[in-house]
S.K.: 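Below is one structure. I have some questions about it.
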Amino acid sequence: MPLLFDKVALITGASRGVGYAAARKLCEKFPGATIYLATKNQDITPELNKKMREDFPESSDHCEYIKLDINDPESLDKVRDMIRSRHDTLDILINNAGRYEVPDISSPTKFGDQADLIVGTNYWGLKNVVKSMRDIFTPGARVVNTSSHLGHLSLINGEAKKSQHLRELLADPNIAERSLDNLMTEFQNLAKSGGWEVEGWPNCAYTVSKVGVNVYTRILQRQFDEEESGVVINSIHPGTSHSKILQQSVIPLEDGAYAIANCACVPDKGLKGQVLWHNLTPIVWEEAVNRPSLLNSAAFKVN
């Protein structure tokens, strides 16, 4: 991917945290690039954009906040059409928008609501963004999906035999997109009715959603390769702290943002279709099939 200065990037969940920091790092890497910082709830004002541009490096005149609800097709189409009308194509997409809640398994009603909210945002919402923006990807575009240490396949660790079967399905390099969708829907339905653990699923909807994102990343790279579009996609755990997740070891926000920005600039013959740690080391996804975690870290709020 040539390091040109006229890149166009879209970052979801970019109003704060690692999303905002990643946008800033991209601005450093591509002076003069157009970077759209998407936010669902923030009130976008001229003052907000001015403050951001003052905080960003020089040549940030083309960086701006935009409204985007990843679960609203009309909102997605509006942003896509705006990018198309201004630039024709999109060079970089960073899917950072996400939702985490401390698991509440006190009743299927509460856990089911959590599952719909979290999986609906982190998995289905991310898919909505890709589906909408895919039409305007530049040949050779880069896509980065923000993942988590809680999205490791080993954390699909409900009932032993059933969870092993789920891990086998989710580790299959040829799993179909529809099959993955069905698994995510199965979990959401079980979360509402009870019995998700008996069927092999963990007590954490966030884990399921991020495992889904990681598997979807692998599926998308297969599709891009078949299309010969040159598009490269990877999923990365940035390693930064999360306000609701207690972790024993984290890296500074700037370093996590740098990792995401680097992931958006991998060379054509570099990493693709991988699930990566923040140092861009690939996770051997299939290794977890026979090595389930003994602890659902999210449920106990530790790493």
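The model shown is predicted, which means the values in this text are computed figures rather than measured ones.
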S.K.: Any idea which heavy atoms bring G151 and W285 closest together, and the distance?
M.R.: O-CH2, 3.4 Å
S.K.: Distance from K67 atom NZ to D72 atom CG, nearest 0.5 Å?
M.R.: 12.0 Å
S.K.: Hey, is the main chain of R291 close enough, under 3.5 Å, to the side chain of R167 for a donor-acceptor pair?
M.R.: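 Judged by distance alone, no pair lies under 3.5 Å.
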S.K.: Taking the side chain as everything from C-beta on, heavy atoms only, tell me whether S293 gets closer than 4.5 Å to H152.
M.R.: no
S.K.: Quick check: do I70 and K40 have side-chain heavy atoms less than 4.5 Å from each other?
M.R.: no
S.K.: Applying salt bridge (charged side-chain N to carboxylate O under 4.0 Å, His left out) to E28 and R24, what does each step give before you reach the verdict?
M.R.: CA-CA 7 Å; E28 289 180 9; R24 194 176 190 282; 3.3 Å; yes
S.K.: Does the side chain of K272 reach to within under 4.5 Å of the side chain of V266, using non-hydrogen atoms?
M.R.: no
S.K.: Answer yes if I136 and L10 sit in the same cluster of Ile, Leu, Val, Met, Phe, Trp and Tyr residues linked by side chain heavy atoms under 4.5 Å apart, and no otherwise.
M.R.: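 Result: yes, single cluster for both.
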S.K.: Please tell me whether V119 and L180 are part of a single hydrophobic cluster in this structure, the criterion being side-chain heavy atoms less than 4.5 Å apart.
M.R.: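 Yes: a chain of side-chain contacts under 4.5 Å links V119 to L180.
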S.K.: Can you name the side chain to side chain contact (heavy atoms under 4.5 Å, CB included) partners of F111, sequence neighbours left out?
M.R.: I105, Q114, F187, A191, W196
S.K.: Hey, mind stepping through M133 and V79 against side chain to side chain contact (heavy atoms under 4.5 Å, CB included) and telling me if it holds?
M.R.: CA-CA 9 Å; M133 301 303 155; V79 168; 3.9 Å; yes
S.K.: Given the rule in the side-chain hydrogen bond (donor to acceptor under 3.5 Å, both in side chains) test, do N234 and Q274 qualify, once you have shown the distances and angles that lead to the verdict?
M.R.: CA-CA 5 Å; N234 287 291; Q274 299 290 329; 5.9 Å; no
S.K.: Can you name the closest pair of heavy atoms from C27 and S60 and give their distance?
M.R.: SG-CB, 3.8 Å
S.K.: Mark yes or no for whether T207, through its side chain, and L150, through its backbone, hold a donor-acceptor pair below 3.5 Å.
M.R.: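 Pair found, side chain donor or acceptor close to backbone of L150.
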S.K.: With no hydrogens and no angle check, just 3.5 Å: does a side-chain donor-acceptor pair link S235 and N145?
M.R.: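 Side chains of S235 and N145: no pair found under 3.5 Å.
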S.K.: Which pairs with one or both residues in residues 113-137 pass ring-ring contact (aromatic ring centres under 6.0 Å, His included), sequence neighbours excluded?
M.R.: none
S.K.: For residues 57-92, which residue pairs qualify under ring-ring contact (aromatic ring centres under 6.0 Å, His included), counting only residues two or more places apart or in two chains?
M.R.: Y36-H87
S.K.: What heavy-atom pair brings N71 and G120 nearest, and what distance separates the two atoms?
M.R.: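 The pair with the smallest heavy-atom distance is OD1-O, 3.2 Å.
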S.K.: If you group Ile, Leu, Val, Met, Phe, Trp and Tyr by side-chain heavy-atom gaps below 4.5 Å, do I35 and V144 land in one group?
M.R.: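 In one cluster with I35: V144, yes.
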S.K.: Would the number of heavy atoms belonging to other residues, nucleotides or ligands and lying under 6.0 Å from NZ of K78 be above 12?
M.R.: no
S.K.: When you look at K51 and E47, which way does the salt bridge (charged side-chain N to carboxylate O under 4.0 Å, His left out) test go after all the steps?
M.R.: CA-CA 6 Å; K51 183 179 179 181; E47 291 74 24; over 6 Å; no
S.K.: I'd like to check T146 versus P238 (side-chain heavy atoms, cut-off strictly below 4.5 Å). Are they in contact?
M.R.: yes
S.K.: Hey, what do you get for NZ (K127) to CE (M184), rounding to the nearest 0.5 Å?
M.R.: 10.0 Å
S.K.: Under 3.5 Å, is there a donor-acceptor pair between the E186 and N182 side chains?
M.R.: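 Per modelled atom types, E186 and N182 side chains form no pair under 3.5 Å.
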S.K.: Assess the residue pair L76 and V129 against the criterion (side chain to side chain contact (heavy atoms under 4.5 Å, CB included)); give the C-alpha distance rounded to whole Å, side-chain angles, the decisive distance to 0.1 Å, and a yes or no.
M.R.: CA-CA 7 Å; L76 284 161; V129 177; 3.8 Å; yes
S.K.: How many angstroms lie between CD in E199 and NZ in K162, if you round to the nearest 0.5 Å?
M.R.: 3.5 Å
S.K.: Output yes when a side-chain donor or acceptor of S132 lies under 3.5 Å from a complementary backbone atom of N128, and no otherwise.
M.R.: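 Flag not set: sc S132 to bb N128 has no pair under 3.5 Å.
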S.K.: Do N49 and E64 have side-chain N/O donor and acceptor atoms under 3.5 Å apart?
M.R.: no
S.K.: Do the side chains of N214 and S147 get nearer than 4.5 Å, heavy atoms only?
M.R.: yes
S.K.: Which heavy atom of I83 sits nearest a heavy atom of V8, and at what distance?
M.R.: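 Smallest heavy-atom distance, with atoms named: CG2-CG1, 4.3 Å.
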S.K.: Nearest 0.5 Å, what's the NZ-CD1 distance between K25 and I260?
M.R.: 12.0 Å
S.K.: Mind checking the CG-OG1 spacing from N95 to T12? Nearest 0.5 Å is all I need.
M.R.: 5.0 Å
S.K.: Using the rule given for salt bridge (charged side-chain N to carboxylate O under 4.0 Å, His left out), can you reason through D181 versus R178, listing the C-alpha separation, both sets of side-chain angles and the distance that settles it, and then say yes or no?
M.R.: CA-CA 5 Å; D181 288 348; R178 179 172 293 183; over 6 Å; no
S.K.: Is there a continuous path of hydrophobic side-chain contacts, each under 4.5 Å between heavy atoms, that joins I219 to V130?
M.R.: yes
S.K.: Distance alone, cut at 3.5 Å: any donor-acceptor contact between the side chains of N262 and K29?
M.R.: yes
S.K.: Is there a continuous path of hydrophobic side-chain contacts, each under 4.5 Å between heavy atoms, that joins V215 to V231?
M.R.: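 Yes: a chain of side-chain contacts under 4.5 Å links V215 to V231.
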S.K.: Passes side chain to side chain contact (heavy atoms under 4.5 Å, CB included), V208 versus Q188? Steps please.
M.R.: CA-CA 10 Å; V208 174; Q188 289 178 264; over 6 Å; no
S.K.: Do the non-hydrogen side-chain atoms of V289 and Q164 ever get within less than 4.5 Å of each other?
M.R.: yes
S.K.: Got a salt bridge between R142 and D268, using NZ or NE/NH1/NH2 to carboxylate O under 4.0 Å?
M.R.: yes
S.K.: Quiz question: by atom type and distance under 3.5 Å, do the side chains of T138 and D91 form a donor-acceptor pair?
M.R.: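 T138 vs D91: donor-acceptor pair found between side chains.
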S.K.: Show the numbers, then the answer: is there a side chain to side chain contact (heavy atoms under 4.5 Å, CB included) between V232 and F224?
M.R.: CA-CA 7 Å; V232 171; F224 293 145; over 6 Å; no
S.K.: Would you indicate whether the side-chain heavy atoms of Y216 and E177 approach each other to under 4.5 Å?
M.R.: yes
S.K.: Are the side chains of C263 and L280 in touch, meaning some heavy atoms are under 4.5 Å apart?
M.R.: yes
S.K.: Quick check for you: to the nearest 0.5 Å, what is the distance between L68 atom CG and I11 atom CD1?
M.R.: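 Taking CG in L68 and CD1 in I11, the distance rounds to 12.5 Å.
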S.K.: At their closest point, which heavy atom of R84 faces which heavy atom of D135, and how far apart are they?
M.R.: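 So the two residues come closest at NH2-CB, 3.7 Å.
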S.K.: Could you tell me which non-hydrogen atom of K110 sits nearest to which non-hydrogen atom of D104, and how far apart they are?
M.R.: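 Smallest heavy-atom distance, with atoms named: CD-OD2, 3.3 Å.
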S.K.: Is there a donor-acceptor contact under 3.5 Å from the side chain of T121 to the main chain of I118?
M.R.: no
